[in-house]
Structure formats: C-alpha cells, structure tokens
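We count ligands from 1, going down the list as the structure has it; atoms in each ligand are counted the same way.
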Amino acid sequence: MGSDASVTICADANGLAEGAAQLVVDAAHEAAEARGRFMLCLAGGATPRATYERLARPPLSARMPWDRTWIFFGDERAVAPDDDESNYRMAQEALLSRVPVAPTRVFRMHGEDGDAEAAAAAYAATLADAFGTRRGELPRFDLVLLGLGVDGHTASLFPSSPVLREVFRSVAAVHVAAAKIPQRLTLTFPVLNAAARVLFLVTGAEKAKILKKVLDERATLPATMVRPTDGELIWLVDRAAASLLQVGQAR
Ligand code: 6PG
C-alpha cells in the first residue's frame, strides 16, 4: 500500500456508516462543483447497507446533489436483479429507491445474463459511453466504494484469479469456485486504480485477521493491489475489525 493511504478507526459499525456517508456527500459536492457531475461506484456485500441507508435519509439525503449523481457498480453476482444475493437489489432497497436519483443515471451490471463475457463487455461499453472515454482510455470515478472479504478479495477480484493480471479490459466475467455465487462480473484493477478516490468499508471482528494482513503486513492480496495511481485511498474500519492492528504505526 502507498504511504498516501489513510486509515480511520471508527468506534463501531454505526459510526463507520455515518463517517462513510459523510465522505460520500463531501465527494459528491467536490465533484459536482469541479466537473458538473458525481460518478459514484457502489460496493456490494452487506457492509455498505448501513452507509446507503444513512445517505437515503435526512439530513444527508437532502445534502446530496442527486440530480448530478451517476451510479455504477463495482461487481455483481450472476443472479436476477430482484434476487436476495443481488448487489443491485441491496443498493436499490437501501438507497436508490428512496432518493431522487434518475433511473436513467443508475447503471447496473447484468449479472443474470447467460453470456457473462458479453455482459462484461456490455458494461465496459456502458462505462465508456457514460464517461465519454475512447478506446484505450480508462473511466475515472470520483469515488469507488469497496468492501473486504475474509480471504482478501475486493469487488469480485479474488486471490489467485487470472483477472488480477487484467490490464486491458475495464470489466471482466469471473468464476470463483469457492464463492457462494461463483459466476460474477467485476471491475478490474486498471479502473479501480484510475479512480480519484477509493474508500474501503470494513466492519466486524471476523475481518480483523485479514485487515491486519492487508494494512500491517501488506500481504499480496487483491485488496492490497488497490492503489490509485493518481487518487486517494481511504480505509474506514471499525474498532472490532481494527482490533489486531498495530495502532499508531505509520502507514
Ligand atoms: C460482493 C462484493 C465483495 C464484498 C466483500 C465484503 O459482491 O461480494 O462486492 O467484494 O464487498 O465480500 O462483503 P461483506 O460486506 O458482506 O462482508
């Protein structure tokens, strides 16, 4: 991890959700003022739900420039959008259905499509269209939210997967035998590392061991391969997840 990563330890999962939601609002204002719009990439999994719920209710919901916010996803499982395991469904329930974001500005990954490679290529084209990038250029998100799996995965970038070496495609179809839903779509490292800001959200004692590996030991894991080349890397973790960290060490 670069020396520019910042790590903030929050008292608990509620404090983390509050801090994360506040960071999203601040990033939204900064981007909307600087570039006229806010390009936000949401994380899947369970951890961000509380953050999304805070963003969906006052006072923060009223402070978000929803009319200038564009929503994307970092990964998706091969399930229908109304499935319990769908990352889109979680975001829709916790946030998107409750705020005045235009449905035409919400870009979900079509994890349910039978041809996963085609679905990945279609999402790459969606990104290129939305960002106005040309062939060979990478979209630059204003903010990417990410979670951390107990094996060190992030988005659907799992340890030992060939996709970790992807340098060209912005979106890939992956098959992860060990995962509950093995077939997935994911953004790749080139896109994550092109972001202006990446925010990891990590809570709970079950994440303590892997968080130590990532932040203290800097082990080679998907999560440690997230290093924005010209952007900011922020870790928001709760006390339970941080319980094994060497607090106070320079990072
Ligand atoms: C997914 C993810 C994944 C997730 C981590 C943490 O679709 O599974 O996006 O990378 O963020 O597995 O998940 P939890 O927040 O549920 O612990």
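- With a heavy-atom cut-off of 4.0 Å, Ala155 touches ligand 1 through its backbone alone.
- The protein heavy-atom contact nearest to atom 16 (O) of ligand 1 is Ala46 N, 2.7 Å.
- Using a 4.0 Å cut-off between heavy atoms, Thr154 contacts ligand 1 through its backbone alone, with no side-chain atom that close.
- Within the 4.0 Å heavy-atom cutoff, Lys207 counts among the residues contacting ligand 1.
- For atom 13 (O) of ligand 1, the nearest protein heavy atom (residue, atom name, distance) is Gly45 CA, 3.8 Å.
- Here the heavy atom of the protein found nearest to atom 12 (O) of ligand 1 is His153 NE2, 2.7 Å.
- Counting heavy atoms from C-beta on, the side chains of His153 and Val176 never come closer than 4.5 Å.
- A donor-acceptor distance shorter than 3.5 angstrom exists from the side chain of Asp216 to the backbone of Gln246, with no hydrogens or angles considered.
- Under the 4.0 Å criterion applied to side-chain N and carboxylate O atoms, Glu117 and Arg169 are assigned as salt-bridge partners.
- Counting only distance, with no hydrogens or angles, the side chain of Glu76 and the backbone of His110 share no donor-acceptor pair below 3.5 Å.
- The protein heavy atom nearest to atom 6 (C) of ligand 1 is Leu148 O, 3.5 Å.
- Nearest approach of Leu60 to Gln22, heavy atoms of both residues: CD2-OE1, 3.6 Å.
- Ring pair Phe200/Trp235 is parallel by interplanar angle, where below 30° counts as parallel and above 60° as perpendicular.
- Only the side chain of Asp75 comes within 4.0 Å of ligand 1, counting heavy atoms alone; its backbone N, CA, C and O stay farther away.
- Closest approach of Asp238 to Asp12, counting heavy atoms only: CB-C, 3.7 Å.
- When only interatomic distances are considered, the shortest N/O to N/O separation between Ser156 and ligand 1 does not fall below 3.5 Å.
- Counting only heavy atoms of the protein, atom 8 (O) of ligand 1 lies nearest to Arg77 NH2, 2.8 Å.
- Atom 15 (O) of ligand 1 has as its closest protein heavy atom Thr47 OG1, 2.4 Å.
- Of all atoms in ligand 1, listed by their number and element, those nearer than 4.0 Å to a heavy atom of Asn87 are 1 (C), 7 (O).
- The aromatic rings of Phe107 and Phe72 sit parallel to each other, their planes meeting at less than 30°, with 60° as the upper class boundary.
- Per-residue contacts place Gly147 under 4.0 angstrom from the following atoms of ligand 1 (heavy atoms of the residue considered): 11 (O).
- A salt bridge between Arg77 and Asp83 is absent, with no side-chain N of the basic residue lying under 4.0 Å from a carboxylate O of the acidic one.
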